[in-house]
Protein chains: 2
Amino acid sequence: MTQLAKKSKGTPVVEAVTSADKTFITLRTDIVEGRILAGAKLSEAELSTKYGVSRAVIREAISRLMACHLVERKANVGARVVTLSPEGLIELYQVRESLEGMAARLAAQNMTSEQITDLQSLLDVHAQGVKDSQSYYQEAGDVDFHYRIIIGSHNSQLITLLTEGIYHLVRMYRVQLGMAGPRVTTAFAEHQHIAQAIANRDAELAEILMRRHITYSRQNIEHKLKP
Amino acid sequence: MTQLAKKSKGTPVVEAVTSADKTFITLRTDIVEGRILAGAKLSEAELSTKYGVSRAVIREAISRLMACHLVERKANVGARVVTLSPEGLIELYQVRESLEGMAARLAAQNMTSEQITDLQSLLDVHAQGVKDSQSYYQEAGDVDFHYRIIIGSHNSQLITLLTEGIYHLVRMYRVQLGMAGPRVTTAFAEHQHIAQAIANRDAELAEILMRRHITYSRQNIEHKLKP
DNA sequence: AACCTAAGAATTGTCGACAACTTATGACTT
DNA sequence: AAGTCATAAGTTGTCGACAATTCTTAGGTT
């Protein structure tokens, strides 16, 4: 009886979690946070003994990592963590600029007023963090801000694309290439302007500001990479 | 010896093809072209006997279909072809508008002059097809036009996202929702303008025209869906 | 020494069987 | 009759073994 959490009769409280799920999550965080390096080989036998599960489970987990574009696999050769190039990170930011720009536009149109007030109160909390310069929480806060706008777009295709795919990739690139978190202080002001545009339901402006915000981040990265 | 095609010594001419590869491709075309209907269950045992392979192969193929967002799977329940809603198709077109708009902009900057002349000669061929109104080839031609611009963006993240993911989804939605191919005659003129902007290396205009082009397609679909 | 060849080792792909879970069936209670 | 519960049947998840392929290494040839 591994499935404990059920309502008395009807639907389960949480989705069923297989050991492949857990292995996938574990591997994903290990890759994203750099404990498994870029280009590293994912040996099925090795991982199998390490996590105490069969190779089938490992293969399942690797399949999902491939779906996230975090690893690549060649037939009869094996799976490797994707190798990172500075150009690849730039390309990713171009995609982000486009998609998150649209997310901001749709968010201005589709966010509920409750979601908007939540977004603004989130920024109030961040304002305090900026003063105290708690860089760790600012990294998480940045993710959180963008995440809420993505969700606020109410476009499920877009949400899936960004939250299940691109975001993990961006985080991995940042860690692997030794980038610190986002530009803290300046970025915060940009966040405020974006939130204001959304609150005003100004879709065009929200898109422009978000694109510019991400463009700045990209340029910031380009500058660090090619001094 | 299933791997025939090798050079005398070095790298194989074609990538190795596993039976999971073939099963995946077969299932994908069956789904995209509507031979397996939306919402249909993909029973592992059934497919296993149908294609004469083990369940492991079927599971591998289904994993890749999930990566394309063509099927969804719940743990201990099974995989189903994604169910289609008109809203979902609209959402997809919003994503396309954003991504292909960027593709056009990048193509104007990055396409080689050879790629550009190829693109223009493709349109010359299409011009003939429009006269003869060969609707089948125009469907393929539309795909081909967009495909070349995507490739011309030279952004590998974007290329993967569109060609391995979104395009198959769009085709499936179109078939399932009984949409005919794209708006033939008017769309052709739009293609010509986009190609011209790219040839002129006018990135901004190329993006605007492409976004407008896809917006028109979306509105065309919205009109057909809600009369 | 460099290069090709062939056997051996190691890894991935595929298979069939069993375990765990979900759904369907039917008896039992109120 | 409706609902609950237990059992049965069917499906998916996991496992270990074998087959097919790739990589390694030792040997021989020029």
Side-chain angles (χ1 to χ4, degrees), chain A residues 1-27 36 39-67 70-82, chain B residues 1-27 36 39-67 70-82:
Chain A
M1 179 81 133
T2 63
Q3 188 63 19
L4 297 168
K6 295 194 178 195
K7 281 184 182 168
S8 55
K9 175 193 166 187
T11 51
V13 171
V14 295
E15 297 287 322
V17 174
T18 67
S19 63
D21 288 324
K22 291 184 250 178
T23 309
F24 163 62
I25 299 284
T26 304
L27 280 174
I36 300 177
K41 171 129 194 238
L42 297 180
S43 162
E44 296 180 2
E46 190 180 323
L47 294 172
S48 172
T49 57
K50 178 175 178 182
Y51 293 111
V53 295
S54 78
R55 272 184 55 220
V57 171
I58 299 295
R59 284 177 69 82
E60 170 81 25
I62 288 178
S63 287
R64 297 199 212 168
L65 292 171
M66 291 199 309
L70 288 172
V71 314
E72 291 170 343
R73 186 167 69 180
K74 270 193 270 190
N76 295 311
V77 175
R80 307 192 88 91
V81 178
V82 292
Chain B
M1 178 80 139
T2 63
Q3 187 63 18
L4 299 167
K6 294 194 180 195
K7 280 184 182 168
S8 55
K9 173 193 165 188
T11 53
V13 171
V14 294
E15 295 288 322
V17 173
T18 68
S19 64
D21 288 324
K22 292 184 249 178
T23 309
F24 163 62
I25 299 283
T26 305
L27 280 174
I36 300 177
K41 171 129 194 235
L42 296 180
S43 162
E44 296 180 3
E46 191 179 323
L47 295 173
S48 173
T49 58
K50 178 175 178 182
Y51 292 112
V53 294
S54 78
R55 271 183 56 219
V57 172
I58 299 295
R59 284 176 70 82
E60 171 81 24
I62 289 178
S63 287
R64 298 200 210 168
L65 291 170
M66 290 200 310
L70 288 172
V71 313
E72 291 171 341
R73 186 166 71 179
K74 269 193 273 191
N76 296 310
V77 175
R80 308 191 89 91
V81 178
V82 291

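Heavy atoms only: backbone and side chains are in, while hydrogens, waters and symmetry mates are out. Every value quoted in this text rests on a predicted model; they were computed, and no experiment measured them. Order of the sequence lines sets the chain letters (A, B, ...), proteins ahead of strands, with each chain counted from 1.
- When all heavy atoms are compared, the tightest approach of B:Ser48 to B:Val53 is OG-O, 2.6 Å.
- Scored by the salt bridge (charged side-chain N to carboxylate O under 4.0 Å, His left out) test, B:Arg55 finds B:Glu44 as partners (sequence neighbours excluded).
- Regarding contacts with the backbone of D:dT22, every side-chain N or O of A:Lys41 stays at 4.0 angstrom or more from both OP1 and OP2.
- Of all the heavy atoms in B:Ser63 and A:Glu60, the pair that sits closest is OG-OE1, 4.0 Å.
- No side-chain heavy atom of A:Tyr51 sits under 4.5 Å from any side-chain heavy atom of A:Val57.
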Between the protein and nucleotides 13-17 of chain D, which nitrogen or oxygen pairs are less than 3.5 angstrom apart?
| unit_1 | atom_1 | unit_2 | atom_2 | d |
| --- | --- | --- | --- | --- |
| D:dG13 | OP1 | B:Asn76 | N | 3.3 |
| D:dG13 | OP2 | B:Arg59 | NH1 | 2.3 |
| D:dG13 | OP2 | B:Arg59 | NH2 | 3.1 |
| D:dG13 | N7 | B:Arg55 | NH2 | 2.8 |
| D:dG13 | O6 | B:Arg55 | NH1 | 2.8 |
| D:dT14 | OP1 | A:Ser19 | N | 2.6 |
| D:dT14 | OP1 | A:Ser19 | OG | 2.6 |
| D:dT14 | OP1 | A:Ala20 | N | 3.4 |
| D:dC15 | OP2 | A:Ser54 | N | 2.6 |
| D:dC15 | OP2 | A:Ser54 | OG | 2.8 |

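- Between the side chain of B:Arg80 and the backbone N or O of B:Glu72, no donor-acceptor pair lies under 3.5 Å.
- What separates CE of A:Met66 from C1' of C:dG13 is a distance of 13 Å, to the nearest Å.
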